[in-house]
*Asks:* 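Take this structure first; my questions come after.
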Amino acid sequence: MMLSRCIKSENQKLRHSLIFPACIIIPVIPAVMGTFNYLQNTGILTHQWYSLWTQHTLFYASFFYAPLIALYCSYLWRLEHRNHNWNVFMTAPVSIPCLYFGKLAVIFRVTLMTQLWVGILYLFCGKVIVGLPDFCPANILFWLLRGTLAAAAIGAIQLLLSMVIRSFSVPIGIALIGSVLGMLLSNKGFGLFWPYSLMLMGMNSNKTEDALSGNVLSFLLSTLVFFLIFYWLAIHFLKTRDVHA
Amino acid sequence: MKSLFIRQLYAERQKGRKKHLSLLPLCFLLFQVLWALWQLTHAAPEELETGYLLLFHHLPLMNTILLPMLAAVIASRLCDMEIKGDTLKLLYTMQKPAQLFHCKFLMGLKYLFYFTMGQGLLILGAGKICRFTDPLKWTMLAEHMAVTFTVSAVLLAIQQTLSLLSASQLLPLAAGLVGCFLGLFSLFFPTPIARLFIWGYYAAFPAASTDWERDSKIVRYFEVPFPMTGFLLFLGTVFIIYLLCKTLTVRKEV
Amino acid sequence: MKPVITTEALTKQYGSKAVVNCLDLSVPAGSIYGFLGPNGAGKSTTIKLLLGLVKPNSGSIKLLGREINEKNRLSILSQTGSLIESPAYYGHLSGFENLQIICTLKNVPETEIYRVLKIVRMEGQKDKKVREYSLGMKQRLGLAAALLGNPGLLLLDEPTNGLDPAGIQEIRELICSLPNRYGMTVLVSSHLLSEMDQMATHVGIIDKGQLIFQDSLAVLHEHSRLQLLLKTDNDDRALQILKRSEISAEQKGGKLYLRSAEDSLVIKAVSVLAASGVGVLRLSEQQMSLEDIFLHLTGRQVSL
């Protein structure tokens, strides 16, 4: 299996890296601070699980989710950008889409772990620290899943950016600006046409009622289209450009 | 003959060639211009009566979201070339590690200065284009720019230290992200706790504050006196943090 | 000749492990000092100590006649050039622009750049980005950078790393010419003994952080005492006879050697053998290889 070998090799490259500590530590910040803020303002925040969800994920989904994925992507490509690893990467006896998909798969895996961790922290803070009644509403878990799917589009874009821009930091800066712009655009109702808005909309962080109600299909379609566009661009780039180690 | 320090600064400038570093503050600034225009064209007429105050209230928030990352990106761009080319061992035979740290810092500071100046122009330009009716107090503008610049400077020092010490650049950028997060959250915390987070200091010395009337839903902006003692204390802290950062960097053997 | 580099009991420890242990270097002026040792013996650390990049735990260093300390380090180093381990460069800039930066820091006029580029034969590639250079070209650029400002002392750490055979020869010739043409003193580290044989006038051999030999190349060669290879029609019997006559001989790899080439001893050996009816077929001089000398000095086999 070519693909599984590619994914395996990408996973091996991440051993002993700081990616996993980053993906554990960074989500703790919105969890701690969001919970603290919630406890400070229980007078205004009356929607219990929903209010806590907003506190936990508003800033995370609006501004930091995309830069975090960008950080993963930059790190993954930096391994190839340094020490002539491009040559090794491009001469591996596997097809280019497989190679690239190996990287994407790893990004998805780390993102999935991040999101799972965000979910666990949310449930833990809600149940144990705040002591909210019952179990959290099922649609919040659905929103978490939607937000994770949106990462497919961002992962594809950021992986392309970090591959073409041989700088660690610039793609992360782009992701931050893209996200802030995404928040403004989704407020104006153009969110589905800008990839960096998708996570915020999917996670439904700024409203207690579902902003996407009835629109889930177009959300999924938008995610898929953005994913395919950037995936195709990356493959095209890899196939046509000279290897430059 | 040029003095040694000037020559070291000049060498930093030579290293920056073809890096297009000015584009970074420019992009962040352009984004803020877009944001400000969008915000102001949707503002109520009575808000424009206190337009400058509105900007002085909102820009620190925008700065808290964006500038820690700008500082992280500038520092990483400036320091990563030394890491990639393995040049520190050569440079340290020609200059003192501390002086390299100062020169790099001044180089990064230049771009933060451009950005701060640009933001000043943004405020002036917005006032002209959107026809604010309130008079602009120059001291307020100066205070706003001084705070923006100083907080960015200390973040730059921290980022530069991390960038010079980390071979992978993952740590400094993750720290930048964490900083953005902490700063943003700290804006909603009670003041004593908020002051623990240096990333949130963009909004620690506001020139304007708001009053919100629950019934009419009208936001009123009013002037707040500048806490000069607090700012001076902060400057002192910035200086100490800078020295700490320098010491940490210099201690590392290459 | 007055020494240009002197170290006394120079020691550097990482944890409890001494990487450089009580090193007493003495590099004479105008010499090409070959600093030899297997990989990981402490060569690079020693050079970094000399340059002040790494701080010693104890011991002292004198460069160009002055005791080096934090204050005068850079003023002394302004008269040295160095190339340490892998070449240092800014990948996004051209070779010429890289050298400009070093000129600025060393306060050397930029016209120097053309001179050093010519010395390392890189005039043709000066406007290419260093990122696109081959390893050999980067190495030459590093050497050019070290030569900027015509320093009195050159510290080169494995300068022929990554060069092709022609390049190695060229760099060797270049290094050999430096003392005469520019009055430089050169310290070159290497793990190849044969390379030092062709370049060095003086040799220091380091092993496990300790200096095990230091003198001129000529003295090193004296250590490689001549041996005589003796071929007879019956080597086993010949060895017995020689031993009985108390002539020092040994059998190595199926071959018989006389341990000394002293005239009287050779005459005695041959006559004893002839008297015993052993036919001497051939008698030839053999020099100890430098690998053998190393074995002799350290008492252990190393792959160099």
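Chain letters run A, B, ... following the sequence lines, proteins first, then strands; residues in each count from 1.
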*Asks:* More than 12 foreign heavy atoms under 6.0 Å from CZ of A:F20: is that the case here?
*Replies:* yes
*Asks:* Atom CG of B:L187 and atom CG of A:N37: how far apart are they, to the nearest 0.5 Å?
*Replies:*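 Reported to 0.5 Å precision, the distance equals 10.5 Å.
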*Asks:* Taking only residues two or more places apart in sequence or in another chain, which ones pass salt bridge (Lys or Arg N to Asp or Glu O under 4.0 Å) with B:K19?
*Replies:* none
*Asks:* For chain B, which candidate among A:F36, A:Y72, A:Y75 shows the most heavy-atom pairs at distances under 4.5 Å?
*Replies:* A:F36
*Asks:* Under 6.0 Å from the CZ atom of B:F113, do we count more than 12 heavy atoms belonging to anything else shown?
*Replies:* no
*Asks:* Quick one: pull up CZ in A:F64 and SG in B:C180 and give me the separation to the nearest 0.5 Å.
*Replies:* 4.5 Å
*Asks:* Enter the distance from B:L182:CG to A:I29:CD1 here, rounded to the nearest 0.5 Å.
*Replies:*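 Spacing of CG (B:L182) from CD1 (A:I29) equals 4.5 Å.
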*Asks:* More than 12 heavy atoms of other residues, nucleotides or ligands under 6.0 Å from CZ of A:F237: is that the case?
*Replies:*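 Yes.
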*Asks:* Which region of A:L181, side chain (C-beta onward) or backbone (N, CA, C, O), has a non-hydrogen atom less than 4.5 Å from a non-hydrogen atom of chain B, or is it both or neither?
*Replies:*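 Both parts, heavy atoms under 4.5 Å.
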*Asks:* Given that the side chain runs from C-beta out, which part of B:F31 has a heavy atom under 4.5 Å from chain A: side chain, backbone, both or neither?
*Replies:*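 When you check distances to chain A, only side chain atoms of B:F31 fall under 4.5 Å.
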*Asks:* Give a yes or no on whether a salt bridge exists between A:R166 and B:D80, defined as a side-chain N under 4.0 angstrom from a carboxylate O.
*Replies:*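 B:D80 and A:R166: not salt-bridged.
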*Asks:* Looking at A:M33 and B:F185, what are the two nearest heavy atoms and their distance?
*Replies:*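 Closest approach of A:M33 to B:F185, heavy atoms only: SD-CB, 3.2 Å.
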*Asks:* Applying side-chain contact (heavy atoms from CB on, under 4.5 Å) to B:I83 and A:R82, what does each step give before you reach the verdict?
*Replies:* CA-CA 11 Å; B:I83 305 285; A:R82 295 205 65 189; 4.1 Å; yes
*Asks:* How many angstroms lie between atom CD1 of A:I177 and atom CZ of B:F28, to the nearest 0.5 angstrom?
*Replies:* 4.0 Å
*Asks:* For the CZ atom of A:F168 and the OG atom of B:S163, what is their distance to the nearest 0.5 Å?
*Replies:*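 These two atoms lie 9.5 Å from each other.
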*Asks:* Nearest heavy-atom pair of A:P30 and B:F181: which atoms, and what distance?
*Replies:*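 Result for this residue pair: CG-CZ, 3.7 Å.
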*Asks:* Please flag which part of B:L23 lies under 4.5 Å from any non-hydrogen atom of chain A: side chain, backbone, both or neither.
*Replies:*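 Looking at B:L23, nothing touches chain A.
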*Asks:* Select one option (side chain, backbone, both, neither) describing which atoms of A:Y60 are under 4.5 Å from chain B's heavy atoms.
*Replies:* both
*Asks:* Just wondering, more than 12 heavy atoms not from A:K8 lying within 6.0 Å of its NZ?
*Replies:* no
*Asks:* How would you list, in number order, the residues of residues 69-77 of chain B that have a heavy atom less than 4.5 Å from chain A?
*Replies:* B:M69, B:V73, B:S76, B:R77
*Asks:* Below 4.5 Å, heavy-atom pairs only: which of B:I65, B:L170, B:L173 has the largest tally toward chain A?
*Replies:*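 That would be B:L170.
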*Asks:* Against chain B, label A:L68 side chain, backbone, both or neither, depending on which of its atoms sit under 4.5 Å from a heavy atom there.
*Replies:* both
*Asks:* Taking all atoms of both residues into account, what is the closest heavy-atom pair of A:Q40 and B:P190, and its distance?
*Replies:* OE1-CG, 3.3 Å
*Asks:* Under 4.5 Å heavy-atom distance to chain A, tell me which part of B:I193 shows up: side chain, backbone, both or neither.
*Replies:* side chain
*Asks:* Quick check, are the ring centers of B:F188 and A:F59 under 6.0 angstrom apart?
*Replies:* yes
*Asks:* Highest number of heavy-atom pairs under 4.5 Å with chain B: which of A:L184, A:I174, A:I19?
*Replies:*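 Highest number of pairs under 4.5 Å: A:L184.
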*Asks:* Taking atom CG of A:L185 and atom CH2 of B:W38, what is their separation to the nearest 0.5 Å?
*Replies:*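 With rounding to 0.5 Å, CG (A:L185) is 8.5 Å from CH2 (B:W38).
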*Asks:* Do B:Q169 and A:L71 have side chains that get closer than 4.5 Å, going by heavy atoms?
*Replies:*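 In short, these two side chains do not touch, never coming nearer than 4.5 Å.
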*Asks:* Which atoms form the tightest heavy-atom contact between A:K188 and B:H42, and what is the distance?
*Replies:* NZ-NE2, 3.0 Å
